[in-house]
*Asks:* 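Take a look at the following structure, please.
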Amino acid sequence: MTKPDTLAPAAQAVGPLSAALPPLPQRAIGIDVGGTGIKGGIVNLRKGKLTGERFRIPTPQPATPEAVAGVIAEVLDELLSRDKAPSAEELSVGVTLPGIVIDNVVLSAANIDESWLECDTTELLKDFPGRISTLNDADAAGLAEARYGAGANRPGTIMTVTLGTGVGTALVHDGVLVPNSELGHLEFEGAKPAEAKVSASARERLNMPWPEYGETLRRFLVHVERIQPVSQFIIGGGISKRSEDFLPFVTGLRAEVVPAQLTNNAGIVGAALYAAERARLAAANALGSAE
Ligand code: BGC
């Protein structure tokens, strides 16, 4: 059997339109805005890996759009001062947020300061260098996992489920992200939303032993699978480091269930890839309409 080439430029060749698109730049920047830290890195888009160290600054409190934008600017300055930084002409920057994001506008704020609701991040970040795209945090992680991590080279429908303060979900079909699935907000066994029972923080709050947590996650995935059948669930979030403690209890699903591979950096990598792809699409559309 030929070994799949996991370093294949998967990011270059995904989706029916990609053949008509110019190649992606070699590098882009990803910034992952979390509840405790804002982390950024320069991403090698061929390998789906960071070039150099990641850079982190604690999330300001309260985490209002203006305060977070100030920290994103500092993270970006540091990354752009490095030798390997993408050049200004081809700079794409992806920024993750833990909420629904459509056309760079934030439409939910379950686990972030509510002043983010309706925030237009194009306006908020308009003085920043490069082409900036904002996306949901789980979508960024799921895109990275599907292209470079546990789902690489795998056709079909893959769902990444991130277990942290909340529960995020990301749906990727044949390498293309269908954003904002938000299945952590389903109603589940009386919990509204499901994340109140299934998140990593719920496990701590409810003092759940690992087998019980694994069993709860199993029932949640069965529920999800009924609504949206997939071929693979990738389990991410910080807790996936402990996957040996709870994934053995997640059995009997139609889909394969595997731990995430890019854990810490999935958000950064996926954000960078998303931004570079959006920029390439915008450039191709601009070219098309000028012809
Ligand atoms: C939010 C999602 C987010 C997830 C993980 C949920 O509460 O609604 O948008 O992806 O938490 O941070």
Side-chain angles (χ1 to χ4, degrees), residues 30-40 56 58-59 61-63 65 68 72 94-121 133-146 149 158-172 177-188 191-206 213 216-217 220-221 223-224 227-228 230 233-241 259-260 262-271 273-275:
I31 299 180
D32 195 7
V33 176
T36 54
I38 298 182
K39 299 141 279 182
R56 179 186 188 275
T59 306
Q61 298 305 336
V68 168
I72 294 175
V95 177
T96 76
L97 289 170
I100 297 173
V101 184
I102 297 182
D103 292 337
N104 297 314
V105 178
V106 180
L107 295 181
S108 77
N111 288 320
I112 37 168
D113 197 274
E114 60 179 37
S115 55
W116 279 95
L117 259 187
E118 307 289 335
C119 172
D120 179 349
T121 62
S133 300
T134 314
L135 78 161
N136 173 263
D137 56 353
D139 280 343
L143 185 61
E145 285 295 338
I158 297 176
M159 188 181 293
T160 300
V161 180
T162 64
L163 304 168
T165 311
V167 172
T169 56
L171 202 56
V172 173
L177 174 73
V178 183
N180 298 304
S181 50
E182 290 287 338
L183 299 185
H185 284 262
L186 283 174
E187 186 173 341
F188 168 62
K192 287 185 220 166
E195 65 183 13
K197 199 163 181 172
V198 183
S199 63
S201 52
R203 187 193 77 82
E204 282 168 23
R205 181 172 36 84
L206 302 170
Y213 182 64
T216 305
L217 179 62
F220 174 64
L221 295 182
H223 184 53
V224 168
I227 299 162
Q228 175 58 70
V230 297
F233 283 113
I234 300 175
I235 308 301
I239 202 171
S240 63
K241 282 191 235 109
L262 305 176
T263 50
N264 262 347
N265 293 329
I268 296 175
V269 171
L273 173 61
Y274 179 80

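On a predicted model such as this, the values are computed, not experimentally measured, just so you know. First listed ligand is number 1; within each ligand, the first listed atom is number 1.
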*Asks:* Scan for side chain to side chain donor-acceptor pair (under 3.5 Å) pairs involving residues 159-168, sequence neighbours excluded, and state none if there are none.
*Replies:*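 Applying side chain to side chain donor-acceptor pair (under 3.5 Å) to every pair that reaches into residues 159-168, excluding sequence neighbours, yields nothing.
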
*Asks:* Can you tell me if Glu195 uses its side chain to pair, donor with acceptor, with the backbone of Val167 under 3.5 Å?
*Replies:* yes

*Asks:* Listed by chain and number, what are the side chain to side chain contact (heavy atoms under 4.5 Å, CB included) partners of Ser240, not counting sequence neighbours?
*Replies:*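 Once residues adjacent in sequence are excluded, the partners of Ser240 under the side chain to side chain contact (heavy atoms under 4.5 Å, CB included) criterion are Ala260, Thr263.
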
*Asks:* Please check if the side chain of Thr121 supplies one atom and the backbone of Asn104 the other of a donor-acceptor pair under 3.5 Å.
*Replies:*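 It does hold such a pair.
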
*Asks:* Which residues satisfy the side chain to side chain contact (heavy atoms under 4.5 Å, CB included) test with Asn264, sequence neighbours excluded?
*Replies:* Arg54

*Asks:* Mind jotting down which protein residues get a heavy-atom contact under 4.0 Å with ligand 1? Chain and number order, please.
*Replies:* Pro98, Gly99, Ala110, Asn111, Asn136, Asp137, Ala138, Gly166, Val167, Gly168, Glu182, His185, Glu195

*Asks:* When you measure from the centre of the six-membered ring of Phe188, is the NZ or CZ of Lys197 closer than 6.0 Å and no more than 45° off the axis?
*Replies:*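 Here Lys197 passes the 6.0 Å and 45° test against Phe188.
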
